[in-house]
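In what follows, a structure is listed as structure tokens, so that the remarks can point back to it.
Remember, it's 1-based here, ligands and their atoms both numbered in the order they're listed.
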Amino acid sequence: MSEDLFKEATKPFLEAAKLIKLDKKIEEKLLKHNNIIKVDIPLKMDDGTTKVFVGFRAQHNNIRGPYKGGIRYHPNVSEGEVKALSFWMTIKNTIVGVPFGGGKGGIRFNPKEMSQAELERLTREFTKQIVEHIGPNKDVPAPDVNTNPQTMAWIMDEYSKIVGYSAYGVVTGKPIEVGGSLGRTAATGLGAFFVTQEAEKNADFMCKCVAVHGFGNVGLHYARICHENGLHVMAVADSKGIVMNKDGLDIPELIEHKKKTRSVLGFKGGKEISDKEFFGIDVDILCLASLEKTLNKNNVNLVKAKIVLEIANGPTTPEADAVLKRKGIKLIPDVLANAGGVAVSYFEWVQNNIGYYWEEDEVNEKLKKLMTEAYSYVHEVAQEFETDMRTAAYIYAIRKLARVYELRGY
Ligand code: GLU
């Protein structure tokens with residue numbers, strides 16, 4: 001599945017490139033990765049045995065600035081997956097206008113089966129193995145699936161020990177006490193919320209109810225922000241199950257429940273429903289905030305939502321995408337919808353570089369500006385080419401990247 005993922009990832013790119021008759025030399029450059037780093041990471045387990053894990057860092061393109069993108073811990077991590085994810089980062093960073101290229105990394109394992117001490121040793125060992133490839137002006141990792149501010153603190157600390165100074169700018173998404181930015185944790189969810197507000201301005205309906213697939217850092221904050229703004233979050237799915245309440249779930253209580261039990265299952269303020277029921281719920285927004293290929297040919301026909309919001313990376317397969325188009329369901333693509341995370345990562349990196357830290361309001365104001373502008377630029381292109389938002393997003397990004405190639409020479 002994983003090599004296919006990169007191939008699939010290039011489909012909208014190729015369509016957009018064709019529409020604007022992109023120079024073939026630039027097309028070739030954007031279809032290939034600058035570096036794919038693969039390392040073996042030996043780890044001493046708590047029981048004294050040693051296991052070896054495989055880790056990757058894919059560096060897609062750095063024509064617009066240092067490689068930038070998360071590191072994920074998941075059993076499905078593979079070369080093909082990080083290739084797709086780093087490619088999307090190049091596109092996303094260009095769309096939201098942050099001066100970065102695209103990177104993504106990960107380690108293939110299940111973090112839920114490891115102790116905190118093992119996680120720390122594994123993270124530090126991985127950092128040592130890729131140390132020459134990362135750096136504040138070279139490649140700046142961040143959290144992704146199953147990694148968090150603590151993971152970033154370990155990477156920053158290990159890197160800093162090796163280079164001999166506190167290099168805060170080597171990663172973003174750090175805890176506040178060690179160079180993190182206020183607003184970073186909720187940024188992807190908040191950015192996605194700003195984007196839907198813009199989408200609503202162009203639609204002939206008001207967004208009142210949502211369903212959220214995925215209740216990790218991103219889906220959780222998106223659901224919380226929707227709830228705080230008076231929207232009904234009718235259903236939430238996580239990897240263990242799905243809960244629904246047609247009058248709207250009490251999200252703060254659900255967050256508490258999830259903290260305690262690590263799942264939404266068993267939540268008293270809602271009833272358990274099946275996957276099938278979930279995708280068929282009549283909501284305004286179906287938010288996909290879990291993993292790749294969530295919406296596929298098996299469930300897309302059930303969808304009744306007016307808008308599909310991709311907060312995860314690559315949650316809709318190309319087949320499902322085509323069905324949504326046919327059904328007239330608007331899709332806000334990942335490379336735009338989830339760019340709020342990396343936007344605030346950029347603000348964090350700027351604050352680390354200047355050593356001066358901003359108030360949360362200032363961060364959120366700046367985030368709102370970037371996201372609403374990005375939405376309106378993509379929307380303009382969609383109208384110009386009479387095309388969907390995903391194709392428009394790629395056209396917008398490719399034009400900007402091509403201009404940089406023209407100016408720098410290629
Ligand atoms: N992992 C996030 C993403 O996929 C954030 C990346 C970053 O902040 O560098 O966009």
Side-chain angles (χ1 to χ4, degrees), residues 5 9 56-62 64-74 77 81-107 134-149 151-152 155-156 168-175 179-192 195 214 216-222 288-292 309-315 332-352 363 366-367 370-371 374 393 397:
L5 192 66
F56 299 94
R57 184 72 186 166
Q59 299 177 326
H60 173 249
N61 185 286
N62 63 350
R64 294 185 63 259
Y67 303 105
K68 182 92 191 79
I71 288 184
R72 62 172 56 184
Y73 290 170
H74 197 276
V77 166
E81 188 186 56
V82 292
K83 274 174 80 176
L85 290 160
S86 58
F87 172 77
W88 284 324
M89 286 307 302
T90 302
I91 302 294
K92 185 192 307 186
N93 292 335
T94 309
I95 290 173
V96 81
V98 295
F100 292 125
K104 188 75 96 180
I107 307 179
I134 59 173
N137 293 312
K138 214 182 210 181
D139 184 349
V140 185
D144 200 84
V145 175
N146 293 331
T147 53
N148 55 35
T151 324
M152 297 305 116
I155 299 177
M156 185 275 291
Y168 281 166
V170 68
V171 284
T172 58
K174 299 177 293 294
S181 174
L182 292 168
R184 174 63 186 85
T185 311
T188 313
L190 183 60
V195 161
N217 178 51
V218 173
L220 182 146
H221 284 290
Y222 177 72
L288 305 174
S290 47
L291 285 168
E292 293 100 63
L309 178 70
E310 293 189 323
I311 315 197
N313 291 306
I332 308 182
D334 48 5
V335 286
L336 169 63
N338 72 28
V342 75
V344 176
S345 274
Y346 166 56
F347 300 151
E348 180 174 331
W349 182 79
V350 169
Q351 292 170 80
N352 293 152
V363 172
K366 286 184 162 66
L367 172 66
L370 280 198
M371 295 306 290

Exercise for the section: Determine yes or no for a side-chain-to-main-chain donor-acceptor pair under 3.5 angstrom, with K68 supplying the side chain and V140 the backbone. Expected result: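 At least one qualifying donor-acceptor pair exists.
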
Hey, which atoms in ligand 1 end up nearer than 4.0 Å to a heavy atom of [X]?
{"X": "K104", "answer": "1 (N), 3 (C), 4 (O)"}
{"X": "K68", "answer": "7 (C), 8 (O), 9 (O)"}
{"X": "M89", "answer": "3 (C), 4 (O), 6 (C), 10 (O)"}

Problem - Polar proximity ligand 1 side, K92 side, N/O cut 3.5 Å exclusive - result: yes

Handout entry: Polar contact flag for V140 and ligand 1 (N/O pairs, less than 3.5 Å)
Key =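 It does not: no N or O of V140 is found under 3.5 Å from an N or O of ligand 1.
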
Compare every heavy atom of [Y] with every heavy atom of [X], then report the nearest pair and how far apart it is.
{"X": "T172", "Y": "E348", "answer": "CA-OE2, 3.2 Å"}
{"X": "L309", "Y": "A192", "answer": "CD2-CB, 4.2 Å"}
{"X": "N146", "Y": "Y73", "answer": "ND2-O, 2.8 Å"}
{"X": "L182", "Y": "V363", "answer": "O-CG1, 3.4 Å"}

Exercise for the section: Give me the one residue out of D144, T151, I155 that meets side-chain contact (heavy atoms from CB on, under 4.5 Å) with I71. Expected result: I155

Practice task
Quickly, which of K174, M152, R72 forms a side-chain contact (heavy atoms from CB on, under 4.5 Å) with P143? Name it, please.
Solution key: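 Passing option: M152.
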
Would you say [X] touches ligand 1, if touching means a heavy atom closer than 4.0 Å?
{"X": "R184", "value": "yes"}
{"X": "P143", "value": "yes"}
{"X": "G69", "value": "yes"}

For [atom], what's the nearest protein heavy atom and its distance?
{"atom": "atom 1 (N) of ligand 1", "answer": "D144 OD1, 2.7 Å"}
{"atom": "atom 8 (O) of ligand 1", "answer": "S345 OG, 2.5 Å"}
{"atom": "atom 7 (C) of ligand 1", "answer": "A142 CB, 3.3 Å"}

Fill in the blank from the handout: Honestly, for L85 the part within reach of ligand 1 (heavy atoms, under 4.0 Å) is neither

Handout entry: Gap between atom CG of N313 and atom CG of N338 - 0.5 Å precision
Key =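 The distance works out to 4.5 Å.
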
